[in-house]
Protein chains: 2
Amino acid sequence: MVNIKDVAIRAGVSVTTVSRVLNNRGYIGKETRKKVEKAMEEINYSPNQIARALQKSQSYILGIIVPDSNHPFFSELIKHVEITANEHNYKVLICNSLDQLEKETKYISMLKENRVDGLIMCSHTLDVEEYKKLSFPVVTFDRIIANHFPYVAADNYRGGEIATEHLIESGCKKLLHISGPLKLDLLPNRRTDAFRLTCMKHNIDHEVIEGTQDNLTFDYFSDFIESEVSVKLTDFDGVFCSNDLVAYALYLYAAKNNIKVPEQLKIVGYDFHSFTRMLQTPKLTTIAQPVSRIGKILSTTVINMVETKELDSINNSVVDVELIKGETT
Amino acid sequence: MVNIKDVAIRAGVSVTTVSRVLNNRGYIGKETRKKVEKAMEEINYSPNQIARALQKSQSYILGIIVPDSNHPFFSELIKHVEITANEHNYKVLICNSLDQLEKETKYISMLKENRVDGLIMCSHTLDVEEYKKLSFPVVTFDRIIANHFPYVAADNYRGGEIATEHLIESGCKKLLHISGPLKLDLLPNRRTDAFRLTCMKHNIDHEVIEGTQDNLTFDYFSDFIESEVSVKLTDFDGVFCSNDLVAYALYLYAAKNNIKVPEQLKIVGYDFHSFTRMLQTPKLTTIAQPVSRIGKILSTTVINMVETKELDSINNSVVDVELIKGETT
DNA sequence: GTCACATGTGGTAAGGTTACCACATTATTT
DNA sequence: AAATAATGTGGTAACCTTACCACATGTGAC
């Protein structure tokens, strides 16, 4: 592979001069610049970013850890993170933690060894302490790790509130909420808080079933509905689901068992990701998280921290959610 | 950031010795090893892969360029590529070309500058010549670039054949095929070849509508059906679509316009990616491309080329497709 | 004519790691 | 006892780039 020295020799100048042409820094004679550019062209020179990264202690690489890059929400998030990063000349390394603590740990040390400039954390199995040692900025999605780790999230409380109020306004009397796992203190738990409080405020009977584990696949949710939810279902006339896949699985279960939606049972989902947007039967009533905005903000936040060299920041972002009225309420 | 020298000083040995411990190479005394490991632990040392990459001229990074990482097919492909790469200690940089030639070009030079070890090419707007200059192995999905660039593909001809035969066996007399763009010589065009030949073999009237541009979003396909396909639709009783999103859009159009599927119109899709697998109404009849196998093979093929230092290879892989009988035929 | 400053160019250390050679000590073979 | 091999450790160039200092020439001001 040709290097800057080869260019220098060919152009009859020093490596310093070539470097100056490359980086457009300092004074360069017009003729010299031309000679150098011609030489670069002729020998098909391509600057070595690895050497640059070593020299500058900056890789222009971001890591993103997600539970499952094929999940429609994360898939879309990743796309927008990547596009925004690319606009700022950053690259993105994707990591699938598959919700395994061990994998998450391994990925983090891999990213550390590769001296990524920053990390976007969307998988939350690890203990908080693990992040504190990191020497690069970390931005999380939907989780508060500590005061100085900024997070980006859609307004989870408001989402839960809107969803619950919508069910109540639609005439539901006994509400069920199928939540995500509540062990860790994740921001989506606010949806559950909002569900409880809103029900109490309106004096509505309610219950919460906790999703034991976030496997995040449709098949898993389908089984979950069958095994954990179905027995209780007859008691309720409205269900607020933690995500659209659960809502869809629930809808299908209802359809199969002759429970009429929305007449007998109203269903509200959460996410409105690409799967839900494409899905036409039924059009789910759901809470839209503006995933493209979230992705964009995740990228710009972490890049901003990289460029200002601030490891800490309290620049949290909470974006608005929106009720999408479909046919299931 | 601490480096190998700091470890050496702390452990009271030379950097060479530390390097030997790190890489488990050569002779090391038992006591020395312990001292070094203890020192590494104490100062929280993390080897700098950037320096290693520079030294060894190997980055252990693969690039993957796709049209749209949020498309359900590519999203799933990427996941499996990443998981397999990770098993072999490689990392994956994702690039969304958005089917823009300019972006594809820019990504390629970015990957070149970052000295990726190999490239998995799933976006095909560029001219063949562009790839030939690259100094790292390239593996493509669904495209023959040149003899020495290996490709991985599902058996497109067979897929087209199965789909068409299935429609004929189901009693269709006039068949339509909505293809992808046929300009470039891509392997999916074999589906169209198969469609034509199979129809001719069975003496079946048929027609092909070429998808002008691969925007790959559901909304685009929906509009496309409305504007390009709808007028002709009454002439046909069976449609073979180039992908499931088109098939789904077509199904919805038919449903909306009181064309009964499958009684009046039979529809076969292509891909059986995660969207289609989750979709329950309708269960599409489609051709399954084993995307997890494809992803795995893409990764292992390119990694194998990296490790054997062979830039050329004729190790093409064609994997079997399968008819998934749904409710649309 | 001298000084200050702008312009243009070059040499080299440093960034963190490993490959390679060199050397010292101990163990084994003949 | 001498020769050879195995074991253990250290010094340093190289990978490619940029930052930094040094130097040379030209220009305008006083």
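The chains referred to below are lettered A, B, ... by the order of the sequence lines, with proteins before strands, and numbering in each begins at 1.
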* Asked: Under 4.0 angstrom, heavy atoms only, what part of the nucleic acid is R25(B) near: base, sugar-phosphate, or nothing?
  -> sugar-phosphate
* Over how many whole Å does the gap from K56(B) atom NZ to dC16(D) atom C1' extend? -> 18 Å
* To do: Step by step, work out the side-chain contact (heavy atoms from CB on, under 4.5 Å) result for I50(B) and L54(A).
  => CA-CA 6 Å; I50(B) 294 180; L54(A) 180 62; 3.9 Å; yes
* Separation of K35(A) atom NZ from dT9(C) atom C1', in whole Å? -> 10 Å
* How long is the gap from CG on N316(A) to CG on N147(A), to the nearest 0.5 Å? -> 8.5 Å
* Asked: Whole-Å distance between dG11(C) C1' and I9(A) CD1?
  -> 15 Å
* Is any side-chain N or O of Y27(A) closer than 4.0 Å to OP1 or OP2 of dA24(D)? -> no
* To the nearest Å, how far apart are L22(A) CG and dT9(C) C1'? -> 16 Å
* **Any donor-acceptor pair under 3.5 Å from S109(B) side chain to K106(B) backbone** => yes
* Comparing G29(B) and Y45(A) on DNA chain D - which has the more 5′ nearest nucleotide -> G29(B)
* Over how many whole Å does the gap from E113(B) atom CD to dT18(D) atom P extend? -> 11 Å
* **Gap between atoms CZ and P, on R115(A) and dG16(C) respectively (whole Å)** => 8 Å
* To do: Mark yes or no for whether N96(B), through its side chain, and S69(B), through its backbone, hold a donor-acceptor pair below 3.5 Å.
  => yes
* To do: Please report how far the helix from dG1(C)-dC30(D) to dT30(C)-dA1(D) bends, comparing the axis fitted to its first five pairs with the axis fitted to its last five, to the nearest 10 degrees.
  => 40°
* What distance do D68(B) atom CG and K79(A) atom NZ have between them, rounded to the nearest 0.5 Å? -> 3.5 Å
* Structure fact -> Taken to the nearest whole Å, CG/N23(B) to P/dA19(C) is 7 Å
* Can S135(B) and R115(B) be counted as having a side-chain donor-acceptor contact under 3.5 angstrom? -> no
* Where the side chain of I4(A) is defined as all heavy atoms beyond and including C-beta, which of dA19(D), dT17(D), dT9(D) is the nearest nucleotide? -> dT17(D)
* Asked: Distance check: side-chain N/O of T17(B) vs OP1/OP2 of dG8(D), anything under 4.0 Å?
  -> no
* How far does OH of Y45(B) sit from CE of M1(B), to the nearest 0.5 angstrom? -> 9.5 Å
* Between the base of dG10(D) and the side chain of R20(B), is there any donor-acceptor pair under 3.5 Å? -> yes
Nucleotide N/O to protein N/O under 3.5 Å, stretch nucleotides 12-15 of chain C:
{"residue": "dT12(C)", "atom": "O4", "partner": "T16(A)", "partner atom": "OG1", "Å": "3.4"}

* Structure fact -> Given the options L111(B), I64(B), V66(B), C95(B) meets side chain to side chain contact (heavy atoms under 4.5 Å, CB included) only with L111(B)
* To do: Can you tell me the distance, in whole Å, between the CG atom of N24(B) and the C1' atom of dT18(C)?
  => 15 Å
* Asked: Does a donor on one side chain and an acceptor on the other come within less than 3.5 Å for S97(A) and S123(A)?
  -> yes
